[in-house]
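Keep in mind that what you see is a predicted model, and the values were worked out from it rather than measured.
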Amino acid sequence: MDPDEHGYHQPGPASVRVDVWLWAVRIYKTRSAATAACKAGHVKIDGDRAKPAQRIHVGDEVRVRTDRDRILVARELLKKRVGAPVAAKALIDNSPPPPPREFTAPIGFRDRGAGRPTKRERREIDRIRGREIDPEPWDTDE
C-alpha cells in the first residue's frame with residue numbers, strides 16, 4: 001500500500017465522521033458526548049468549526065476542547081471504538097503539555113465525609129490558607 005500525500009498509510013476507509021472518530025480514539029467516553037461537543041463548537045477541523053457529520057481524512061488536524069485544548073492529527077481512521085494502545089497509534093497528539101498543578105492539598109487537609117472540623121482544626125485550616133483572623137480576647141495570654 002502506498003502512502004498518501006501526507007505520508008501516512010491508509011488501511012481503513014477514506015473518510016469518517018468526526019464524532020465517530022473522536023469516540024473511537026477515546027477522546028470522549030460516548031458518541032453522544034462527541035456529537036454534543038461538535039454542536040457546541042468545541043471541535044475544529046483544520047481551523048474550521050466542525051459539525052458532527054463532517055468527514056475527516058488522514059492527516060487532518062482536529063482541535064478539541066475538553067478539560068484542556070488538544071491538537072490531534074488523524075493518522076488512521078477508525079469507525080469502531082478500540083483499545084487504548086490501538087487508539088494511541090491512530091492519532092498524533094501535538095497538544096501542549098498540561099499546565100502544572102498550582103494547588104496542592106494543604107497540610108491538615110480533611111478527608112471527605114469526616115464531618116465538620118473542630119474549632120482548632122478550622123483555625124489551622126484558616127492559618128494555612130492565609131486567612132489569619134484576630135484572636136478572641138480570651139485566647140490571648142495577657
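One hydrophobic cluster holds both V86 and V25 under the rule that ILVMFWY side chains link at heavy-atom gaps under 4.5 Å.
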**Request:** Determine, stepwise, if the pair T35 / W23 fulfils side chain to side chain contact (heavy atoms under 4.5 Å, CB included).
**Result:** CA-CA 9 Å; T35 302; W23 165 73; over 6 Å; no
**Message:** Please determine whether side chain to side chain contact (heavy atoms under 4.5 Å, CB included) holds for the pair L78 and V16, giving the CA-CA distance in whole Å, both sets of side-chain angles, and the decisive distance to 0.1 Å.
**Reply:** CA-CA 7 Å; L78 303 172; V16 175; over 6 Å; no
**Request:** Kindly indicate, with the supporting measurements, whether the criterion side chain to side chain contact (heavy atoms under 4.5 Å, CB included) is fulfilled by R70 and R63.
**Result:** CA-CA 6 Å; R70 301 193 60 186; R63 290 179 177 259; over 6 Å; no
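Judged by distance alone, the side chain of R55 and the main-chain N or O of A14 form no donor-acceptor pair under 3.5 Å. R26 contributes no side-chain N or O that, together with a main-chain N or O of R81, makes up a donor-acceptor pair within less than 3.5 Å. Judged purely by atom type and a 3.5 angstrom limit, S15 has no side-chain atom pairing as donor or acceptor with the backbone of I56.
Rounded to the nearest 0.5 angstrom, I125 CD1 and R127 CZ are separated by 11.0 Å. The line from CH2 of W21 to CG of D60 is 9.0 Å long, rounded to the nearest 0.5 Å. Within the model, atoms CG of D69 and NE2 of H42 stand 10.5 Å from one another, a figure rounded to the nearest 0.5 Å. Between the NZ atom in K44 and the CD atom in E61 there is a gap of 11.0 Å [rounded to 0.5 Å].
Here the shortest heavy-atom pairing between P117 and E121 reads CA-OE1, 3.4 Å. Contact between K39 and P52 at its shortest, heavy atoms only, is CG-CG, 3.8 Å. Nearest heavy atom pair, residue S95 against residue I71, reads OG-N, 2.9 Å. Residues Y28 and V43 approach most closely at OH-CG2, 4.5 Å, considering heavy atoms. Scanning all heavy atoms of the two residues, the minimum distance from K51 to V18 falls at O-CG1, 3.3 Å. The shortest non-hydrogen separation linking L22 to A34 is CB-CB, 4.3 Å.
Partners of R31 under the salt bridge (Lys or Arg N to Asp or Glu O under 4.0 Å) rule, at least two apart in sequence or in another chain, are D19.
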